[in-house]
Amino acid sequence: MRQELEDLRAAALDQIQQSADAAQLERARVHFLGRKARLTAILRQLVTLSPQERPVIGLLANQVKQAIEASITAQRASLESIPSDDVLATDQIDITLPGRRPTLGRLHPLTQIMREICQVFVEMGFAVIEGPDVEWDYYNFEALNIPEDHPARDMWDTFWIDPASISVDKPMLLRTHTSPMQIRIMEQTKPPIRVVVPGTCYRYEAVDASHESQFHQIEGLAVDEGVTFADLKGTLYTFVQRLFGKDRKIRFRCDYFPFVEPGVDMSIDCFRCKGAGCRLCKESGWLEILGAGMVHPNVLTRVGYDPARYSGFAFGLGPARVAMLKYGIDDIRFFHGNDLRFLQQFP
Ligand code: PHE
C-alpha cells in the first residue's frame, strides 16, 4: 500500500502538471481526489488497518493528499496567468504601437499674441492694467468727449444693459472699446502715465471675416509734459518692427475719434494679397490694426489735467488683426471656432 501511495502521488503530480487548461485540471482533480478516487478509498479504509500500520499509512496518505492539493492550486494559478487561445486571438496587443501622449493644455493664440504685444510695450516702459467689461455710459462715451447726441456714438453699436435688471439709475453697457480705461486711469493718477490695457470689447454688429461682436483691444495711453505726435509714431513704429520685422510697411491716415485730436488710423500691408487688394483687406491692400491720436484737450480737462501743461497720445489696437497678419489667418472667426486643427497650430 505504501508503494501504491507513492505511485499515486507521482501519477497525480505528473497529470496535474501536464494539464493545459482549467478543464483538464478539473478532470485530474476529480480523478485523484474525487469521491471515487483511489486515494479517497484508501483514506476510508484506514480504520481496517492494523494498529501498527495505521499511523504510518495514514500519515503518508494525508501527505500525498496535501501534495496533490498543493500541486492543483499551483497549476491553477499558473494556468490563470496565461491567456487562453481565444483571448490571444481576439485580444491582440501591438507592443510596437507608440504610446498616447497626454494632451496638455496650451494658451489660446489670442492670449499668446496679447501677451506678446503687451510685452513689447512693457519693454518700452508701459505698465499693464485691466478694467471692467461692464461700463458706465459715462466712461465709455461721455467722458471721452462723445456726448449723448453726438453722431460718433453710431461708431460703436452698443449692447446696453437693461437698467431695470440691475437697479441702477445711470446707463450701463458692455464696453465698446477699451478707451474708457483712459479716463479711469487719469482720474486716479497724475502724469507721467504710460499704460497698456488689454481687454474684451463688445459691439452689436454683423459678424464677417474681419469682425466679431466680441473681440479684444489693447489700449495704450501716454501722458506727460511735452509728449508729441512724433512720440506716438515712434512708439507704434517700434511696436510694428518688433512684431513683424523691419521691412513691414505701415500707413498712417487721418481718422476721426472724438477723444483725440488729431486722430489717425494705422494699417499694415495685407499679407494675403501683398497689397494688390482682396476680400480680406476689402480691396484696399491694407489692413487697419489700430486707431490712435493725441488725447483731446477736452478729455484732459475733464479729468482735471491742465491741457496747457500736459499732452498725451492714445491708441487702441486689435490683437486679432495683429495675429491674422502675423500668422496669415484670413478669417477672424477661426479664433472662437474651437476647431482643434486650428488651435493646435499654436503650441
Ligand atoms: N477706441 C477706438 C476704437 O475702438 C480706438 C482708439 C483708441 C482711437 C485710442 C484713438 C485712440 O475704435
- Message: Under 3.5 Å, is there a donor on one side chain and an acceptor on the other for Glu123 and Gln119?
- Response: yes
Would you say Gln66 and Asn62 are linked by a side-chain donor-acceptor pair, where the criterion is simply a distance under 3.5 Å? no
- Can you label the angle between the Tyr305 ring and the Tyr310 ring as parallel, tilted or perpendicular, going by 30° and 60°?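 Because their plane-to-plane angle lies in the 30° to 60° range, the rings of Tyr305 and Tyr310 count as tilted.
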How are the rings of His336 and His216 set relative to one another: parallel (under 30°), tilted (30 to 60°) or perpendicular (over 60°)?
->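 The rings of His336 and His216 sit tilted, inter-plane angle from 30° to 60°.
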- request: Report the residue from Arg184, Arg175, Glu187 that forms a side-chain hydrogen bond (donor to acceptor under 3.5 Å, both in side chains) with Tyr139.
  value: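 Only match with Tyr139 under side-chain hydrogen bond (donor to acceptor under 3.5 Å, both in side chains): Glu187.
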Cluster question for you: counting only ILVMFWY and a side-chain heavy-atom cut-off of under 4.5 Å, with indirect links fine, are [X] and [Y] together?
X      : Y      : value
Leu107 : Leu110 : no
Tyr256 : Met294 : no
Ile332 : Phe215 : no
Phe335 : Met114 : yes

Distance from [X] atom [atom1] to [Y] atom [atom2], nearest 0.5 Å?
X      : Y      : atom1 : atom2 : value
Leu60  : Gln3   : CG    : CD    : 10.0 Å
Leu325 : Leu243 : CG    : CG    : 10.0 Å
Arg9   : Glu4   : CZ    : CD    : 13.5 Å
Tyr202 : Thr176 : OH    : OG1   : 12.0 Å
Arg153 : Thr158 : CZ    : OG1   : 7.5 Å
Ile161 : Leu174 : CD1   : CG    : 4.5 Å

So that I know where these two stand, are [X] and [Y] an aromatic pair - ring centroids less than 6.0 Å apart?
X      : Y      : value
Phe239 : Phe315 : no
Phe342 : Phe334 : yes
Phe257 : His177 : no

Correct closest heavy-atom pair for Leu144 and Pro180 would be CD1-N, 3.8 Å
Closest non-hydrogen contact found for Phe126 with Leu221 is CE2-O, 3.9 Å
Electrostatic pair Arg253-Asp265, nearest N-O below 4.0 angstrom:
yes
Self-check item: salt_bridge(Glu225, Arg309) N-O dist < 4.0 Å
Solution: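 Arg309 and Glu225: salt-bridged.
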- Can you check side-chain contact (heavy atoms from CB on, under 4.5 Å) on Phe313 and Lys233, steps first, answer last? CA-CA 10 Å; Phe313 67 79; Lys233 265 184 109 171; over 6 Å; no
Steps toward salt bridge (Lys or Arg N to Asp or Glu O under 4.0 Å) verdict (Glu288, Arg251): CA-CA 9 Å; Glu288 195 180 312; Arg251 178 188 74 175; over 6 Å; no
ask   = Which is it for Lys65 and Thr40 under the side-chain contact (heavy atoms from CB on, under 4.5 Å) test, yes or no, and what are the steps along the way?
value = CA-CA 9 Å; Lys65 188 179 180 193; Thr40 313; over 6 Å; no
